[in-house]
Amino acid sequence: MVCTVCGNDEFRDSKVLWPRLIAEWNLSSAEVAYIDRQQGTQCTRCGSNLRGIALANAIREVVATAKTLVDFVNTSEARRLRILDINGSSLSATLSVLPLYTRADYPSVDMQSMPYEDDQFDLVLHSDTLEHVPFPIEALRECGRVLSDDGCLCYTVPTIVGRLTRDREGLPPSYHGDSNQGGYDFMVHTEFGADAWTFPIRAGFTSVNINTVSYPDATAITARKKLFIR
Ligand SMILES: [Zn+2]
């Protein structure tokens with residue numbers, strides 16, 4: 001495997017899940033193994049994990065480039081891209097050199113009501129953020145609002161492919177980030193499952209494509225408002 005962010009082909013593995021989260025999510029050992037791989041297998045050069053690489057591939061497909069992301073940002077096409085990066089990812093350091101790059105971070109920017117004009121961006125990105133938003137379809141609809149008609153939304157979300165999405169309302173609160181180990185400590189509202197692809201459609205997008213680096217470990221969703229044939 002090659003890291004399509006930087007071109008390196010060396011990776012290291014680490015475990016990212018902890019017992020409490022495994023119990024809260026009722027994960028099987030096979031599900032634990034693939035989530036550890038999705039989140040914990042990282043490029044030794046740029047630090048991108050598999051979901052970051054899946055997201056990079058979704059972007060590369062949208063902009064129709066065979067270059068690594070690191071090489072792509074040096075092109076004139078990249079310099080014209082109006083990018084909104086919501087909450088950042090392992091790609092942010094690479095993309096943030098671009099002149100029309102905008103970063104939006106919770107809580108100063110609420111994904112469900114963003115302080116941007118309609119049709120302001122060509123590319124909206126988020127990575128493992130949607131599960132923390134109380135109303136994910138509203139958040140996706142807002143992503144669509146700020147995108148131009150031929151723009152694309154590319155994102156990742158933790159997905160348990162063997163079951164359907166469930167709302168955690170009424171269940172004990174669950175957080176990403178172990179309070180004993182530090183880390184990000186955001187409450188999870190939605191556990192996405194095999195129907196994750198329906199959310200952008202229900203939010204008004206007309207087509208959905210799924211990029212896979214390693215199934216089911218690392219996938220990224222691309223949603224388009226309208227189908228433009230290049
Ligand atoms: Zn890399």
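Counting convention: from 1, in listed order, for ligands and their atoms alike.
Judged purely by atom type and a 3.5 angstrom limit, D122 uses its side chain to pair as donor or acceptor with the backbone of R82. Side-chain atoms of D195 come within 3.5 Å of backbone N or O of T165 as a donor-acceptor pair. Here the side chain of D119 pairs no donor or acceptor atom with the backbone of V146 at under 3.5 angstrom. Checked by atom type and distance alone, the side chain of T129 never pairs as donor or acceptor with a backbone atom of H126 at under 3.5 Å.
Distances under 2.8 Å from the Zn ion (ligand 1) pick out the protein N/O/S atoms C3 SG, C6 SG, C43 SG, C46 SG.
Under a 4.0 Å N-O distance rule, the pair D128/R51 qualifies as a salt bridge.
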Inset, instruction - Using the side chain to side chain contact (heavy atoms under 4.5 Å, CB included) rule, take V109 and Y116 through it: C-alpha gap first, then chi angles, then the decisive distance, then the call. - result: CA-CA 10 Å; V109 173; Y116 308 115; 4.0 Å; yes
